[in-house]
Amino acid sequence: MNRLFTKSLCTSSAAAANLKPPPPDPAAISKLILSSPIQSPLSPNTPWTPHLVNSILKRLWNHGPKALHFFHLLDRRHRSYIHSPSSFNLAIDIAARLHLHTTVWSLIRRMRSLRIGPSPKTFAIVAERFASSGKPDKAVNLFLNMHEHGCSQDLASFNTILDVLCKSKRVEKAYELFKDLRGRFSADVVTYNVIVNGWCLIKRTPKALEVLKEMVERGITPNLTTYNTMLKGFFRSGQVRQGWEFFLEMKKRNCGIGIGIDVVTYTTVVHGLGVAGEVKRAKKVFDEMIREGVLPSVATHNALIQVLCKKDTVENAVSVFEEMVRKGYEPNVTTYNVLIRGLFHAGEFTRGEEMMRTMEEEGGCEASFQTYNMMMRYYLECGEVEKALGLFERMGSGGCLPNLDTYNILISGMFVRKRSEDMVVAGKLLVEMVERGFVPRKFTFNRVLNGLLLTGNQGFAKEILRSQSKSGSRLTKKFRL
DNA sequence: ATAGGGTTAG
């Protein structure tokens, strides 16, 4: 195990020959960490840098226990390396996702003792975890008590906590906090934009408009972000007509005062109209923006391609894709994902697979978990279990570890054929996901156990039950720092 | 990670 580590390092012969050692490869190190036993020590010779550590933590994101173990080893066993604040923040995020409360706080204490934090960003991460796991009050309290942990509250952190609450759909809670404290922190245009966006996210555009009116009354001038947010809100809540009129109004003001509309405005309208089924109008707006001298971005193309896939034909979507490449745009992962989805949706599995090859070989884009999850969904939907499992294998061996969705998709897919051997696979997947720090829903758990019992796999079922009853306490103990 | 546009699912 250790040899692999040393291989990528500065060996004495390389140094003697005055050759630059190859930079350590995060992918190779991540693979090694995944395959090595938990006690395996890291080579002391690796030239660790925050960038290297961060890219490894990101690669191991969906294997939280291993990621934390790696972080911990480097923190404690490595004499000369001290983790950077950004690595701490990543580790804290991972620990919070694993519900390792004790670990989160000891990491925060450690940051403090090293005098490298915690920063407002650190608290934003923890608050986000609270808010998205149904504990918005804890998120608010964390913000209110930040100063006790050596981190001052300011307008920026106030805006952040509001945004965190809004993005996790706790808009009422955010609005409450906003009204209580907007005086103390002198709310600015960003604060108001966050709240406007919040109401828009839960499709309450009348409330958003109310806040918009209020900000003007209080002497805060809305900017283009405010209007783009509102515009998106109309389309999101299905108010296509209001959205369109708002867009026209924005254009009119552009001529008058000169607030300007930009590529984001146009992208919002192209997407909004298209999703509403108004494909012709969406295309017209796309052409209009070019005439008006606002260059479409990759995101604009992605919006149009998605809309054509959904409401028109995948052939037209492919044409737009080819045209954008011809014009010199570089399609990104989203472009490919949208297009592959379109092809799979149309039953064109072969062309979808080809597009995936194109993306990796010619496009220089690595397939993401969205790519894999979506393709597996389609394969399982029509009973192509082997195809889905093949993709799953590729994920595990490539640089993209399966996430919670992946496991859920696959496990439920194992029930379509009603075969005994599929139940065993489902059981193995369940064990693996727990090992990697994911918490299966009770429903998933019972379904797999029932499946095993009904197909005569009592032994395996019992094994799973035993490992589960231990895993909770094991996880929390292992990473207490 | 102080705010707005593309990836799922009606």
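Chain letters run A, B, ... following the sequence lines, proteins first, then strands; residues in each count from 1. Below, all heavy atoms of this structure are taken into account, side chains as well, without hydrogens, waters or symmetry copies.
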**Message:** Base of B:dG5, side chain of A:Thr268 - is there a donor-acceptor contact under 3.5 Å?
**Reply:** no
**Request:** Please tell me which of the listed nucleotides, B:dT2, B:dA3, B:dT8, lies nearest to the side chain of A:Asn193?
**Result:** B:dA3
**Message:** Is it the case that the ring center of A:Phe158 lies less than 6.0 angstrom away from the ring center of A:Phe178?
**Reply:** no
**Request:** For residues A:Leu57 and A:Ala67, report the shortest heavy-atom separation together with the two atoms involved.
**Result:** CD2-O, 3.7 Å
**Touch class at under 4.0 angstrom, heavy-atom based, for A:Thr226 against every strand present** = nothing
**Fill in**
Separation of B:dT2 atom C1' from A:Arg182 atom CZ, nearest Å, is 18 Å
**Asked** Distance between the C1' atoms of B:dG6 and B:dT2, in whole angstroms?
**Response** 23 Å
**Prompt:** Aromatic rings A:Tyr407 and A:Phe438: how do their planes relate, parallel, tilted or perpendicular, breaks at 30° and 60°?
**Reply:** tilted
**Request:** Taking only the side-chain heavy atoms of A:Asp188 (C-beta and beyond), determine which of B:dT2, B:dA3, B:dT7 contains the nearest atom.
**Result:** B:dT2
**Request:** Kindly point out which of B:dG5, B:dA3, B:dT7 is positioned nearest to the side chain of A:Asn223?
**Result:** B:dA3
For residues 117-127 of chain A, which side-chain N or O atoms pair as donor and acceptor with protein atoms under 3.5 Å away, sequence neighbours left out?
from: A:Ser119; atom 1: OG; to: A:Lys121; atom 2: N; distance (Å): 3.4
from: A:Ser119; atom 1: OG; to: A:Thr122; atom 2: N; distance (Å): 3.4
from: A:Ser119; atom 1: OG; to: A:Thr122; atom 2: OG1; distance (Å): 3.2
from: A:Thr122; atom 1: OG1; to: A:Asn89; atom 2: OD1; distance (Å): 2.7
from: A:Thr122; atom 1: OG1; to: A:Ser119; atom 2: N; distance (Å): 3.0
from: A:Thr122; atom 1: OG1; to: A:Ser119; atom 2: O; distance (Å): 3.3

**Nearest-neighbour nucleotide for the A:Ile125 side chain, B:dT7, B:dT2, B:dA1 considered** = B:dA1
**Item:** Anti/syn call for B:dG5, syn if |chi| within 90°
**Value:** anti
**Request:** Applying salt bridge (charged side-chain N to carboxylate O under 4.0 Å, His left out), name anything that partners A:Glu381, two or more places apart in sequence or on another chain.
**Result:** none
**Prompt:** Atom CG of A:Asp405 to atom C1' of B:dT7: distance rounded to whole Å?
**Reply:** 12 Å
**Request:** State whether A:His345 places a side-chain N or O below 4.0 Å from either non-bridging phosphate oxygen (OP1 or OP2) of B:dT8.
**Result:** no
**Message:** Side chain of A:Tyr378, heavy atoms from C-beta onward: which of B:dT2, B:dA9, B:dG5 has the nearest atom to it?
**Reply:** B:dA9
**Asked** Can a donor-acceptor pair under 3.5 Å be found between the side-chain atoms of A:Thr300 and the base atoms of B:dG6?
**Response** no
**Request:** Would you indicate which nucleotide in B:dG10, B:dG6, B:dA3 comes nearest to any side-chain atom of A:Val194?
**Result:** B:dA3
**Asked** Can you tell me how far P of B:dG10 sits from CZ of A:Arg377, to the nearest Å?
**Response** 12 Å
**Request:** Compare the minimum distances between each of B:dG5, B:dA1, B:dT7 and the side chain of A:Val264, then state the nucleotide with the smallest one.
**Result:** B:dG5
**Message:** In this structure, how many angstroms lie between the C1' atom of B:dA3 and the CG atom of A:Leu224, rounded?
**Reply:** 12 Å
**N-O pairing of A:Glu288 and A:Lys284 below 4.0 Å** = no
**Request:** Nearest whole angstrom, please: distance from the P of B:dT2 to the CD of A:Gln153.
**Result:** 16 Å
**Request:** Taking only the side-chain heavy atoms of A:Thr334 (C-beta and beyond), determine which of B:dA9, B:dA3, B:dT7 contains the nearest atom.
**Result:** B:dT7
**Prompt:** Side-chain N or O of A:Gln306 less than 4.0 angstrom from OP1 or OP2 on B:dG6?
**Reply:** no
**Fill in**
With the side chain defined as heavy atoms from C-beta on, A:His271 is closest, among B:dT8, B:dT7, B:dT2, to B:dT7
**Asked** Separation of A:Leu404 atom CG from B:dT8 atom P, in whole Å?
**Response** 19 Å
**Request:** Would you indicate which nucleotide in B:dT2, B:dG5, B:dT8 comes nearest to any side-chain atom of A:Val190?
**Result:** B:dT2
**Request:** Return no unless some side-chain N or O of A:Lys232 is found under 4.0 Å from OP1 or OP2 of B:dG6.
**Result:** yes
**Message:** Between P on B:dA1 and CG on A:Asn197, what's the gap in Å once rounded to a whole number?
**Reply:** 15 Å
